[in-house]
**Q** 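Structure in C-alpha cells, see below.
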Amino acid sequence: MLDVTGLDLHYGQSQILFGISLTAEIGEITAVMGNNGAGKTSLLKAVAGRHPSSAGHVRLGNAEVRRGSAVGAARSGIAYVPQGREIFPMMSVQENLETGFACLPKGEHRVPDDIFALFPVLQDMRNRRGGDLSGGQQQQLAIARALIARPKVLLLDEPTEGIQPNVIQQIGDALRKLRDAGEMAIVLVEQNADFAYALADRFVVVERGSVKRRETKAAYTKEGLLADLAL
C-alpha cells in the first residue's frame, strides 16, 4: 500500500500542497481529480521524488520513501508516467523500453512478453523511432516503459490527454488488467471524468492544494464527482 501523509510542497516562497494525505491499495485504482491548478501533477511529482517536499511522509508498505529522490522512489517500487510522456524521440521503441532497466539487476534486463500482450502495437513497432509513433502509441510506450521494473505503485498523469478514442479504450483495458492482477496500486490523475469514473475504485478530489473529498466508488456517483469538480 502507498501511504502519503501530511505532504506539503513549496515552489520557492509559494506553497502548492497543504498537508495532502491519501492511500492507494494494491489491486485498486485511485483517481486523483480536480480542476486545473489544483495541485494534482505536483502531488504525483512529489510522490515520485521529482520535487522535495518540506513536510510529510511517503511510505510504501512499512518502508519510508526518500523524499526528493526520483532514483530512490523508483528503487522503492514507484513508477511515474508523466504528462507529456517524456519518451526519447530518436531512440527506437525497443531502446525506449530498455531505459526502464535502470533500477533492475543486470540479470533481469529483458522486456517481459506480457508488456507486449498489454500493448501489441509496440511489438509491431519495436524498431520504429519513438518520435515516429502517434500520440496514443507514445502514451502506450510510456506506460510500458514504466512497467519494465515491475513497480508496486504506478503513477499516471493525464494518460488520455490528446489521445484518440480507440487508444483511450485500449489504455483503459490495460489498466483494468493491471489492477485485476492484484500486484500493484495505480494512482491516476485524470481530467476525463468518464474515463476516471469507469476505472477507479477510490477517488481523491483536490482543490487548491488540499484534499476536498475522499470517497469509494460504492459511495460516490458520477454526478457527485462532476458536481465536486464544477465548484
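Given the structure is predicted, the values throughout are model-derived calculations rather than measurements.
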**Q** Does Ile171 share a hydrophobic cluster with Met184, counting links as ILVMFWY side-chain heavy atoms below 4.5 Å and allowing steps through other members?
**A** yes
**Q** In terms of hydrophobic clusters joined by side-chain contacts under 4.5 Å, are Val32 and Leu225 together?
**A** no
**Q** Would you say the side chain of Gln170 lies within less than 4.5 Å of the side chain of Phe119, judging by non-hydrogen atoms?
**A** no
**Q** For the CG atom of Leu44 and the CG atom of Leu156, what is their distance to the nearest 0.5 Å?
**A** 8.5 Å
**Q** Side-chain heavy atoms nearer than 4.5 Å, only ILVMFWY residues, links allowed to pass through others: does that put Leu188 and Ile26 together?
**A** no
**Q** Donor-acceptor pair, Gln137 side chain versus Ser134 backbone, under 3.5 Å?
**A** yes
**Q** Starting at CG of Leu155, measure out to OG1 of Thr41 and round the result to the nearest 0.5 Å.
**A** 11.0 Å
**Q** If you draw the axis of the six-membered ring of Tyr80, does the NZ or CZ of Lys45 fall within 45° of it and under 6.0 Å from the ring centre?
**A** no
**Q** Hey, quick one: are Val58 and Ile16 part of the same hydrophobic cluster, counting side-chain heavy atoms closer than 4.5 Å, chains of contacts allowed?
**A** yes
**Q** Under 3.5 Å, side chain of Lys152 to main-chain N/O of Met1, donor-acceptor pair present?
**A** no
**Q** Check whether Lys222 reaches the backbone of Asp194 with its side chain - one donor and one acceptor, N or O, closer than 3.5 Å.
**A** no
**Q** Would you check if the side chain of Asp201 reaches a backbone N or O of Glu28 as a donor-acceptor pair within less than 3.5 Å?
**A** no
**Q** Could you check Leu133, Ile143, Asp132, Val93 and say which one makes a side chain to side chain contact (heavy atoms under 4.5 Å, CB included) with Gln138?
**A** Leu133
**Q** Between His109 and Glu98, do the side chains contain an N or O donor and an N or O acceptor separated by less than 3.5 Å?
**A** no
